[in-house]
Amino acid sequence: MTAPDATSGTAPATTDASRTSWRESLAVYLQPRVLIVLFLGFSSGLPLALSGSTLLVWMRESGVDLGTIGLFALVGTPYTLKFLWAPLVDALHVPLFTRAFGRRRGWLLFSQLLLIISILLLALTDPARSPFFVALGALLVATMSSTQDIVVDAFRVESLPESEQAAGMASYVAAYRIGMLVSTAGALFIVSGFESTGIPKPSAWMWGYVVMAALVLIGTITALLATEPAQSAKAEAATQTETAFARVLHAAIGAFSEFLSRKDALAALAFVVLFKFTDAFSGTMTAPFVIDLGFSRNDYAAIVKGVGLAATLIGGFAGGFVARRYSLATSLWIGGVVQAIANLSFSWLALVGTNQWALAFAITAENFTSAIGTVIFVAYLSALCQNPLHTATQYALLTALAAVGRTYLSSGAGFVAKMTGWPLFFMICVVVAVPSLILLAYLQKRGHFETLGPVRV
């Protein structure tokens, strides 16, 4: 993962090679398979905020206290436990859907249908009157969303040839971020738009979620237009003589035993849990913090949609440059440190008060550094999934563990914010990054990253 060595040669040859490289690099993003993955990435990113940050804004505006809001991080439990049913998605058929559309596309359409129903059920709840039913609806959304993630990850890996994997991942991550943006800033703008027509606030929030449910149809249409991956058909043929129970058992045991047999496996898993914890701990309370500080819903949405999106996309390119320029371990050091330090911008914002430029700076710093860390982290997770027989289940396990910080470890963030106040809270968010950096130093000393071989982003 170092920069390519310079080679001697004539200028014209170098120029031609560069031109060919640029043409090929751009053309691959227009391949039908890559475009399919791009739209599926949007569908995967859309639901996350509907049971997360957007829901927290809805709850805060409805008068729900900070402690309860912090506990709502627990509704993300399905993202943490999805590895438990990933072997089912790998091995079982969905009645009617699998026969009509194929192994992967059948699961895609089935999970998207249930996701739409779950978002509509959440839209019918009222945080002010029934937090329990809100939590139940959010839990259903998270469950269906995480199931869709399992299928999309498997579909992406199986449908793209080696030459298109990198472009597919880049497209997926970019579209995932855009989907999250639509369900955060976009949803808030839509709710405000409904309110401006005279619709009461509770009804405006309901219709905002109905619109989000309709946007899931983008992924549904994409799944209908896609073709079943050839690798999926081969896997289906190879296991057709096995019972459903045997297929599930082989997928589950093979994935876990192969991973746990590696050197320092437990330390690596702990690192996966903790690397993005600093982001998760602060991110849980960012939206309520901005509202408490006196910014309007539209102020927050406009900045997240504008400079926030630009910072995220630029940060993604920056993360890719870092990962290509430096070793994986060094890249993780850079990503881990900058994403932790960025939390200090929110401490500064808390002291400055209601200032649009200060909010823009804080959001830019957080999104830029978070994107750098995410790209490098995804490269690391991909490097850990080395066995093609278990890629989907192993990747589900790793991403589920990465969600532990966002789901469980961050559930007390609201209580910490209440006790310390906002400036000190975001300083604490910097400190919680220290355990992951200690583990990173340990794994580097043990030669963990050398065993992964070269990693391409």
Side-chain angles (χ1 to χ4, degrees), residues 52 70-71 73-74 76-77 79-81 83 259-260 262-286 289 315 319 322-323 326-347 365-366 368-384 397-420 422-452 455:
L71 289 174
L74 295 173
T77 295
Y79 292 105
T80 306
L81 300 180
F83 67 91
F259 191 91
L260 293 176
R262 301 177 186 176
K263 177 184 176 183
D264 298 317
L266 295 180
L269 293 178
F271 178 70
V272 168
V273 171
L274 295 175
F275 182 75
K276 297 294 289 183
F277 180 39
T278 180
D279 266 359
F281 199 71
S282 62
T284 300
M285 303 308 298
T286 298
F289 159 64
V322 169
Y326 302 102
S327 68
L328 182 57
T330 301
S331 299
L332 286 167
W333 273 109
I334 294 172
V337 170
V338 298
Q339 69 184 7
I341 293 176
N343 288 309
L344 295 177
S345 63
F346 285 109
S347 294
E366 193 275 335
F368 179 76
T369 57
S370 177
I372 291 176
T374 297
V375 169
I376 296 168
F377 189 52
V378 167
Y380 175 63
L381 295 184
S382 301
L384 291 175
L397 168 64
L398 294 173
T399 54
L401 287 174
V404 167
R406 182 177 70 245
T407 304
Y408 296 113
L409 301 182
S410 299
S411 61
F415 295 107
V416 175
K418 286 178 66 175
M419 290 187 296
T420 63
W422 292 117
L424 183 57
F425 169 76
F426 287 107
M427 293 180 185
I428 292 173
C429 292
V430 178
V431 176
V432 300
V434 172
S436 69
L437 299 179
I438 293 175
L439 280 170
L440 177 56
Y442 172 80
L443 290 171
Q444 188 174 14
K445 183 178 180 180
R446 296 274 293 175
H448 168 72
F449 299 101
E450 283 75 8
T451 65
L452 300 180
V455 179

Inset, instruction - Kindly give the heavy-atom pair with the smallest separation between Ala433 and Ala340, and that separation in Å. - result: CB-CB, 3.5 Å
Inset, instruction - Show the numbers, then the answer: is there a side-chain contact (heavy atoms from CB on, under 4.5 Å) between Met427 and Leu344? - result: CA-CA 6 Å; Met427 293 180 185; Leu344 295 177; 4.1 Å; yes
Inset, instruction - Taking all heavy atoms of Ala365 and all of Ser345, pick out the closest pair and write down the distance. - result: CB-OG, 4.0 Å
Inset, instruction - Could you tell me the separation between the CZ atom of Phe415 and the CE atom of Met285, rounded to the nearest 0.5 Å? - result: 9.5 Å
Legend entry - Separation of Leu328 CG from Phe377 CZ (nearest 0.5 Å): 11.0 Å
Inset, instruction - Sequence neighbours left out, what passes side-chain contact (heavy atoms from CB on, under 4.5 Å) with Tyr442? Give chain and number order. - result: Asp264, Ala267, Arg446
Inset, instruction - Would you indicate whether the side-chain heavy atoms of Ser327 and Phe449 approach each other to under 4.5 Å? - result: no
Inset, instruction - Please report the C-alpha distance between Leu381 and Val272 in whole Å, then the side-chain angles of each, then the deciding distance to 0.1 Å, and finally whether the side-chain contact (heavy atoms from CB on, under 4.5 Å) criterion is met. - result: CA-CA 8 Å; Leu381 295 184; Val272 168; 4.0 Å; yes
Inset, instruction - For Ser370 and Asp279, work out which heavy atoms get closest and say how close. - result: OG-OD2, 2.9 Å
Legend entry - Pairs involving residues 427-442, ordered by first then second residue, that meet salt bridge (charged side-chain N to carboxylate O under 4.0 Å, His left out) (sequence neighbours left out): none
Inset, instruction - Working to the nearest 0.5 Å, report the span between CG of Leu397 and CG of Leu384. - result: 10.0 Å
Inset, instruction - Search all heavy atoms of Gly335 against all heavy atoms of Phe275 and return the closest pair with its distance. - result: C-CZ, 4.1 Å
Inset, instruction - For the residue pair Phe83 and Leu398, establish whether any side-chain heavy-atom pair is separated by less than 4.5 Å. - result: no
Inset, instruction - Rounded to the nearest 0.5 Å, what's the gap from NZ on Lys263 to CG on Leu443? Could you check? - result: 10.0 Å
Legend entry - Phe281 ring center within less than 6.0 Å of Phe425 ring center: yes
Inset, instruction - Heavy atoms only: give me the nearest Leu440-Leu332 pair and the separation to one decimal. - result: CD2-C, 3.8 Å
Legend entry - Side-chain touch Ile372/Gln339, heavy atoms, less than 4.5 angstrom: no
Legend entry - Heavy-atom side-chain proximity of Tyr380 to Phe271 below 4.5 angstrom: yes
Inset, instruction - For the pair Arg262 (side chain) and Ala268 (backbone), establish whether a donor and an acceptor sit closer than 3.5 Å, ignoring hydrogens and angles. - result: no
Inset, instruction - Please confirm whether the backbone N or O of Cys429 pairs with a side-chain atom of Thr278, one donor and one acceptor, at under 3.5 Å? - result: yes
Inset, instruction - Test side-chain contact (heavy atoms from CB on, under 4.5 Å) on Trp422 and Ser347 and set out the steps. - result: CA-CA 7 Å; Trp422 292 117; Ser347 294; over 6 Å; no
Inset, instruction - Using the test side-chain contact (heavy atoms from CB on, under 4.5 Å), find all partners of Val273 that sit at least two apart in sequence or belong to another chain. - result: Leu401, Val404, Leu409
Inset, instruction - Working to the nearest 0.5 Å, report the span between CD of Glu450 and CD of Gln444. - result: 7.5 Å
Inset, instruction - Carefully, step by step, assess Glu366 and Thr286 under the rule side-chain contact (heavy atoms from CB on, under 4.5 Å). - result: CA-CA 10 Å; Glu366 193 275 335; Thr286 298; 5.8 Å; no
Legend entry - Tyr326 versus Ser331, closest heavy-atom pair with distance: O-OG, 3.6 Å
